[in-house]
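Throughout, a chain's letter reflects where its sequence line sits, starting with A, and its residues are numbered from 1.
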2 protein chains.
Amino acid sequence: MHGKIIPFATNVAAPKTTTRILDAAEALFMEHGFEATTLRAITGTAGVNLAAVNYHFGSKEELFQAVLTRRLDPMNEARLALLTRLEHDYAPKPVPCEKILTALFVPALELARDRHRGGENFLRLLGRAYADPAPFIRKFLSDQYAVMIARFKAAFGRALPRLPRKELSWRLHFIMGALSYTLAGTDAAKLIAELTPHETNNDEALLRRLAPFLLAGLQAPMAASADVTRELDGELARRR
Amino acid sequence: MHGKIIPFATNVAAPKTTTRILDAAEALFMEHGFEATTLRAITGTAGVNLAAVNYHFGSKEELFQAVLTRRLDPMNEARLALLTRLEHDYAPKPVPCEKILTALFVPALELARDRHRGGENFLRLLGRAYADPAPFIRKFLSDQYAVMIARFKAAFGRALPRLPRKELSWRLHFIMGALSYTLAGTDAAKLIAELTPHETNNDEALLRRLAPFLLAGLQAPMAASADVTRELDGELARRR
DNA sequence: CTAAGATTCAAACAAACGTTTAAACGAGAA
DNA sequence: TTCTCGTTTAAACGTTTGTTTGAATCTTAG
């Protein structure tokens, strides 16, 4: 019995194999999703042996988490750092909504721009993971985001003191949802190609359109809510 | 050689087997996604023979499409019918935004309410399908929605004459995205349980919060766009 | 150089997958 | 009854999956 010991790299410089696996896995997971991506495809495009994944990462699931962590940890830390600086700059006043949104978007943009590290397509993988039903993925993302989301919710709460906390929770959820879906979308790529073919960075073009849209929704007065809701009520009653 | 002939039901009353398969498949696809759901699990919970799926539907992919079509076709037809009626009522004036949104949401709400036909959870399956990378799913949804989306885009365009068409395309995309993601989310279920435990219908509670949020984003003036975008520019420049 | 440990390799593993097959079944018509 | 044809059944098909294994190879320190 050999146990489940996963050896760590003894050299400080990471052996090339692990990063090659991570790069290949990132690209393939992004394109086909978790279930549909086989270890043989990953090790094949990475140019390493099939057994390398289980040797270095333990399992396919752990490899997937490693792929996400590599980019997600720095991004979320950057988000928190940005928010912290904003809160310091504006103290004791609340940070304005558009500034908070900036702290949420800029690190994502930087990730999207980091072409050297293949980040240009990573956001799509992230968006896809958000919609994946696999329990281990959902738990991983939930844990990964819990701290950051809590901090941002508090900040938005201070910026929008008149908005009930419940409503704020909903709108923050919508924001993260729209962000995830938009980044994951295959349709988004088409839209970009059709609408702004000259844009240098796809994800940047996308986020630039998304941010104003979400800001308006976030700042929507509660009163306006009645407009659509009343319509819903009326229409539903009429059709019964 | 037997060919790929898929026999149609000769009896006008559908044989119980096909609907049992559809029901079981709908529930399982919703819970685990397309790839992770096995035919053995479907036929097992449906209480039918393993070969029944291939006999009645031809393949797993065709079964999935049948599951979606059963609920999607009526929903999209209802959306178009509602929009048509609205356009007739308001003609020659354009239909207001909130009314158009209503035509988009009400049929989804009715589907969510149709508990007798298991519709309460179907919307989650739909949202998941939206984020699925499988090509046959993407093509299916694209074809399915093409007509409806075009009609609604035209209607929104008339309601928002000052909004550039490009911008409208983006915002419509965001709306469909937020709708899909929100319906697919496992997080949404938790949110509902925490925030509105008394609500009778989960999806309804969800759409009621989403609609005002999206309406505000849709109607956001182009000018406001500069607010966030300028922040993005500044922050990105500062961090280079 | 040598010994030890980390890494790679080809090969095989059992399990599970979607699909196919041929026989058995069941109801209605002649 | 007998024939027919749509349906169901149990069994097996050939692949492919993630993972494991033991030997070969490379790296590095003594």
To the nearest 0.5 Å, tell me how far [X] [atom1] sits from [Y] [atom2].
| X | Y | atom1 | atom2 | value |
| --- | --- | --- | --- | --- |
| Phe152(A) | Leu82(A) | CZ | CG | 7.5 Å |
| Arg79(B) | Glu110(B) | CZ | CD | 11.5 Å |
| Thr17(A) | Leu22(A) | OG1 | CG | 11.0 Å |
| Ile42(A) | Asp23(A) | CD1 | CG | 12.0 Å |
| Phe64(A) | Thr69(A) | CZ | OG1 | 10.0 Å |

- request: State whether His56(A) places a side-chain N or O below 4.0 Å from either non-bridging phosphate oxygen (OP1 or OP2) of dT8(C).
  value: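 Yes, within the criterion.
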message: For dT8(D) and Thr17(B) - does any side-chain N or O of the residue sit under 4.0 Å from the phosphate oxygens OP1/OP2?
response: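 Affirmative; the distance criterion is met.
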For [X] and [N], what is the distance between atoms [atom1] and [atom2] respectively, to the nearest whole Å?
| X | N | atom1 | atom2 | result |
| --- | --- | --- | --- | --- |
| Phe34(A) | dT17(D) | CZ | C1' | 12 Å |
| Arg20(B) | dT7(D) | CZ | C1' | 15 Å |
| Ile21(A) | dT19(D) | CD1 | C1' | 14 Å |
| Phe57(B) | dT8(D) | CZ | P | 11 Å |
| Leu63(B) | dT19(C) | CG | P | 10 Å |
| Asn54(A) | dT19(D) | CG | P | 5 Å |
| Tyr55(A) | dA23(D) | OH | P | 17 Å |

Using a cut-off of under 3.5 Å, enumerate the N/O to N/O pairs linking the protein to nucleotides 10-17 of chain C.
from    : atom 1 : to       : atom 2 : distance (Å)
dA10(C) : N7     : Asn49(A) : ND2    : 3.3

- request: Only counting residues at least two apart or in another chain, list the ones meeting side chain to side chain contact (heavy atoms under 4.5 Å, CB included) with Leu141(B).
  value: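 Scan of Leu141(B) (side chain to side chain contact (heavy atoms under 4.5 Å, CB included), adjacent residues dropped) gives Leu68(B), Leu72(B), Leu126(B), Ala129(B), Tyr130(B), Ile137(B), Tyr145(B).
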